[in-house]
**Student:** 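Dumping the structure here so I can ask a few things about it.
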Amino acid sequence: MDLTLTILALLTGVLAGGLFSFFQIPIPAPPELPGLMGIVGIYLGYKMIQWLDVGIDLLGALGVQ
């Protein structure tokens with residue numbers, strides 16, 4: 001993982017969140033910790049399946065690709 005890219009992403013998020021708050025508009029993310037933990041859980045589940053190297057190509061199975 002590229003640490004520079006991660007830090008830039010974090011700074012971009014902080015800037016965007018600050019702008020949303022400054023202009024008093026709702027953020028396009030869960031404003032509470034349980035919602036944020038749900039997003040973290042989705043990410044961890046995604047990475048876990050990649051690490052286990054399991055899954056199916058759903059679009060291929062449906063003939064969409």
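Below, all heavy atoms of this structure are taken into account, side chains as well, without hydrogens, waters or symmetry copies.
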**Student:** Identify the residue among Leu10, Leu3, Thr4 that makes a side-chain contact (heavy atoms from CB on, under 4.5 Å) with Ile7.
**Tutor:** Leu3
**Student:** Nearest heavy-atom pair of Phe20 and Pro28: which atoms, and what distance?
**Tutor:**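 Closest approach of Phe20 to Pro28, heavy atoms only: CZ-CD, 3.5 Å.
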**Student:** Side-chain heavy atoms under 4.5 Å apart, restricted to Ile/Leu/Val/Met/Phe/Trp/Tyr: what other residues fall into the cluster of Met48, or is it alone?
**Tutor:**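 Grouped by the 4.5 Å side-chain rule, Ile49, Trp51, Leu52, Val54 form the rest of the cluster around Met48.
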**Student:** Supply the atom-to-atom distance Leu62 CG to Ile56 CD1, rounded to the nearest 0.5 angstrom.
**Tutor:**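 With rounding to 0.5 Å, CG (Leu62) is 8.0 Å from CD1 (Ile56).
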**Student:** If two hydrophobic side chains count as joined below 4.5 Å and joins carry through other members, does Ile42 share a cluster with Met37?
**Tutor:** no
**Student:** Donor-acceptor pair, distance only, cut-off 3.5 Å: does the side chain of Thr6 make one with the backbone of Asp2?
**Tutor:**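 Yes.
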**Student:** Shared ILVMFWY cluster between Leu15 and Leu5, side chains joined below 4.5 angstrom?
**Tutor:** no
